[in-house]
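Input: a single structure, listed below in structure tokens.
If you're wondering where the values come from, they're calculated on a predicted model, not measured in any experiment. Computed over heavy atoms, backbone and side chain alike; hydrogens, waters and symmetry mates excluded.
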Amino acid sequence: MPGPSRHQLLTEAHSISRRMAELGESDQWSEVIELEAERRDLLEQAFANHLPADALVAERVKAILALDKRLMARSVDARDRIAAAIAQNAKGRKMQSAYHSAGA
């Protein structure tokens, strides 16, 4: 019995991509990472046979790429927020150290 079709695999990968984008917008990055592994497996299966792409395959790939772009932008925002928080924390520690060094 054959496995799922390429269309079924890509439809499932697209659904997972939508979920990943939603989770990224909620800063649930560990869940995004877990789903990415599942999605990668589906995509590997979908393209394992190197068949030419039809219109549905092209549409699903474009939609997945658009969701990935959205997720990537969100991850860059999260990274920048974390970097700013770390810098602010380091600045606070430096100020506290200077305060204690001054004998206060």
What's the separation between atom [atom1] in [X] and atom [atom2] in [Y], rounded to the nearest 0.5 Å?
| X | Y | atom1 | atom2 | value |
| --- | --- | --- | --- | --- |
| M72 | R79 | CE | CZ | 10.0 Å |
| N49 | L51 | CG | CG | 3.5 Å |
| E38 | D41 | CD | CG | 8.0 Å |
| R19 | L67 | CZ | CG | 13.0 Å |

Residue pairs passing the salt bridge (charged side-chain N to carboxylate O under 4.0 Å, His left out) test where at least one lies in residues 3-18, sequence neighbours excluded:
none

Among pairs that include at least one residue of residues 60-69, which meet salt bridge (charged side-chain N to carboxylate O under 4.0 Å, His left out), considering only residues two or more places apart or in two chains?
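Non-adjacent pairs meeting salt bridge (charged side-chain N to carboxylate O under 4.0 Å, His left out): R39-D68.
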
What residues, two or more places apart in sequence or in another chain, satisfy side-chain hydrogen bond (donor to acceptor under 3.5 Å, both in side chains) together with [X]?
| X | value |
| --- | --- |
| E25 | R70 |
| D77 | none |
| D80 | none |
| E31 | none |

Checking S15 side chain against T11 main chain: does a donor-acceptor pair fall under 3.5 Å?
no

By the rule that ILVMFWY residues connect when side-chain heavy atoms come within less than 4.5 angstrom, directly or transitively, which residues belong alongside L9?
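ILVMFWY cluster around L9 also holds I16, M20, L23, W29, V32, L35, L42, L71.
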
[X]: partners by side-chain contact (heavy atoms from CB on, under 4.5 Å), with sequence neighbours left out:
| X | answer |
| --- | --- |
| I82 | I86 |
| V61 | F47, V57, L65 |
| S26 | Q28 |
| A73 | none |

Sequence neighbours excluded, the answer for salt bridge (Lys or Arg N to Asp or Glu O under 4.0 Å) partners of E44 is none

Can you check whether E59 reaches L10 side chain to side chain, under 4.5 Å on heavy atoms?
no

